[in-house]
Amino acid sequence: MIGAARIEDNIPPCDETIELISHGAGTSRFGNFHNYYEFNPISKRLKLLTPDWVLPLSDRKSLRALDIGCNSGELTVELHSHLKLLGKPLTTLGFDIDPALIKKAREWTSSDEVEDIKFETIDVMRDEDRDRVNGFAMHFDVAFCFAVTMWIHLNYGDDGLKMFLKYVASKCDFLVIEPQTWKCYRNASRRMRKEKKAFFQDIDELCWKNDILEKIDEFLQEDCDMRVERKFGITPWGRPITMYRTRIPKIEMTK
Ligand SMILES: C[S@@+](CC[C@H](N)C(=O)[O-])C[C@H]1O[C@@H](n2cnc3c(N)ncnc32)[C@H](O)[C@@H]1O
């Protein structure tokens, strides 16, 4: 149909854009792009995630936040500054699998005098590493999971993603999550094939695919005791940002 544009046509091709123009990053197995924020500036997400997202946490005496797959920390720092507006004692742990990104996060935040944020190299899929998260806190008031689910899914399959979601939900009372769309999977997998690297499993073998966004939502609500607290809308890359709240609060029980 001439002149009729599909919504999909206006969405940039997900992480593909980043990877093609990122310098020296090559094909990224974990989405550990070293110049991620040059191509996905945090402002795109923050347009949707205005600071009033913190309001459901306003009754807390103190706050602990967890940012899973924090890359070089730019979004972590901004979300931490939103939480600070509540005027409560606050600590944030940002972690990432890539030590170079954590080094970068530590470097720039120390010069900017960002307080009360710790950055650690942690692989969320390794038991020993998850013990180190427990060393920081057993439970968090809020956890962030932005643009990470696809990388877990591609590397660890359906069962790995389910385990990851269960883990994340078990660690927090509130979860703010931005899962990638199936289009992103197709692009990431095509890039890997092009480079003849066999890191990812065949995406055709995944059971969660086209309807990945619905599957993650269903799983969080039906298997992880969470319910939707707020929907923030869809990013320019077609990804929804949603806040979930646990049905079984952990922090009230332990504080
Ligand atoms: C596409 S980036 C998103 C960064 C950030 N969350 C954001 O949205 O601005 C995905 C990040 O997840 C990290 N990551 C992927 N797998 C991980 C794992 N198993 N454990 C910890 N971090 C992981 C990558 O290193 C990368 O920095």
Side-chain angles (χ1 to χ4, degrees), residues 12-22 25-49 65-80 82 92-106 108-109 117-133 136 142-157 159-168 171 175-181 183-185 187-188 191-192 199-200 232 235-242:
C14 308
D15 288 342
E16 184 171 37
T17 317
I18 296 171
E19 195 157 325
L20 289 175
I21 43 186
S22 65
T27 301
S28 162
R29 179 176 179 183
F30 295 105
N32 45 323
F33 305 106
H34 281 208
N35 49 357
Y36 189 61
Y37 297 107
E38 286 175 32
F39 308 107
N40 188 11
I42 58 171
S43 56
K44 286 191 185 167
R45 264 97 46 97
L46 296 174
K47 250 189 203 165
L48 301 173
L49 204 67
L66 179 67
D67 190 12
I68 298 159
C70 65
N71 201 273
S72 52
E74 277 86 337
L75 188 58
T76 323
V77 167
E78 197 58 33
L79 297 170
H80 178 88
H82 289 176
T92 296
L93 171 65
F95 72 75
D96 201 282
I97 195 171
D98 185 332
L101 288 169
I102 291 301
K103 184 167 177 268
K104 194 171 161 195
R106 286 178 179 158
W108 80 264
T109 51
I117 306 188
K118 217 170 152 39
F119 289 103
E120 293 291 339
T121 304
I122 284 174
D123 177 350
V124 70
M125 301 306 279
R126 285 169 58 102
D127 290 347
E128 314 86 90
D129 283 19
R130 287 201 299 269
D131 287 346
R132 290 176 44 227
V133 177
F136 187 87
V142 59
F144 307 113
C145 180
F146 285 89
V148 177
T149 49
M150 176 182 81
W151 301 107
I152 301 291
H153 203 181
L154 286 174
N155 282 291
Y156 302 95
D159 288 345
L161 178 60
K162 287 179 197 169
M163 199 215 81
F164 170 77
L165 293 171
K166 277 237 172 210
Y167 169 73
V168 173
K171 294 302 286 179
L175 169 66
V176 185
I177 187 167
E178 180 201 16
Q180 285 101 333
T181 63
K183 185 173 178 186
C184 302
Y185 283 65
N187 289 333
R191 287 194 310 268
M192 275 294 176
F199 291 136
F200 301 157
F232 295 97
T235 70
W237 291 10
R239 303 169 184 173
I241 301 179
T242 308

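All ligand and atom numbering here is 1-based and tracks the order in the structure.
- Distances between N or O atoms of Phe146 and those of ligand 1 include at least one value under 3.5 Å.
- Of the listed residues (Tyr37, Phe95, Phe30), the one carrying the non-hydrogen atom nearest atom 15 (C) of ligand 1 is Phe30.
- Between Asp123 and ligand 1, at least one N/O pair is under 3.5 Å apart.
- Smallest separation of non-hydrogen atoms from Thr181 and Gly238: CG2-O, 3.2 Å.
- For Arg45, the closest heavy-atom approach to ligand 1 falls below 4.0 Å.
- The side-chain heavy atoms of Tyr37 and Ser72, taken from C-beta on, include a pair separated by under 4.5 Å.
- Below 4.0 Å from some heavy atom of Leu75 lie the following atoms of ligand 1, by number and element: 9 (O).
- Taking every heavy atom of Trp151 and a limit of under 4.0 angstrom, the matching atoms of ligand 1 come to 1 (C).
- Taking all atoms of both residues into account, the shortest heavy-atom contact from Lys44 to Trp237 is NZ-NE1, 3.7 Å.
- Note: an N/O pair closer than 3.5 Å links Val124 and ligand 1 by distance alone.
- Of the listed residues (Asn40, Ile241, Ile42), just one forms a side-chain contact (heavy atoms from CB on, under 4.5 Å) with Phe146, and that residue is Ile241.
- Within ligand 1, the atoms closer than 4.0 Å to a non-hydrogen atom of Tyr36 are 1 (C), 3 (C), 4 (C), 7 (C), 8 (O), 9 (O), numbered from 1 in the order shown.
- When each atom of ligand 1 is checked for a heavy atom of Ala147 under 4.0 Å away, the hits are 1 (C), 2 (S), 3 (C), 8 (O), 10 (C).
- Close N/O approach between Val148 and ligand 1 is not found [any backbone or side-chain N/O within under 3.5 Å].
- Annotation: Tyr156 places no N or O atom under 3.5 Å from an N or O atom of ligand 1; distance criterion only.
- Within ligand 1, the atoms closer than 4.0 Å to a non-hydrogen atom of Ile122 are 20 (N), 21 (C), numbered from 1 in the order shown.
- Annotation: side chain to side chain contact (heavy atoms under 4.5 Å, CB included) contacts of Met163 (sequence neighbours excluded): Met125, Arg130.
- Close N/O approach between Asp98 and ligand 1 is not found [any backbone or side-chain N/O within under 3.5 Å].
- Of all the heavy atoms in Leu161 and Ile152, the pair that sits closest is CA-CG2, 4.0 Å.
- Close approach of ligand 1 to Ile152 (heavy-atom distance below 4.0 Å) involves ligand atoms 19 (N).
- For the pair Thr76 and ligand 1, no heavy-atom separation below 4.0 Å is found.
- Considering only residues two or more places apart in sequence or on other chains, Asn71 meets the side chain to side chain donor-acceptor pair (under 3.5 Å) condition with none of them.
- A donor-acceptor pair is defined here as one N or O able to donate and one able to accept, closer than 3.5 Å; such a pair exists between the side chain of Arg132 and the backbone of Thr121.
- For the pair Leu48 and Thr235, the tightest heavy-atom approach, listed with the atom from each and the gap, is CD1-N, 3.7 Å.
- Close N/O approach between Asp96 and ligand 1 is found [any backbone or side-chain N/O within under 3.5 Å].
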Begin with the C-alpha distance, continue with both residues' side-chain angles, and end with the deciding distance and a verdict on side chain to side chain donor-acceptor pair (under 3.5 Å) for Asp98 and His34. CA-CA 9 Å; Asp98 185 332; His34 281 208; 2.7 Å; yes
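- Numbered from 1 in the order shown, with element, the atoms of ligand 1 that lie under 4.0 Å from a heavy atom of Leu101 read 27 (O).
- Side-chain contact check for Ile97 versus Trp151: every heavy-atom pair is 4.5 Å or farther apart.
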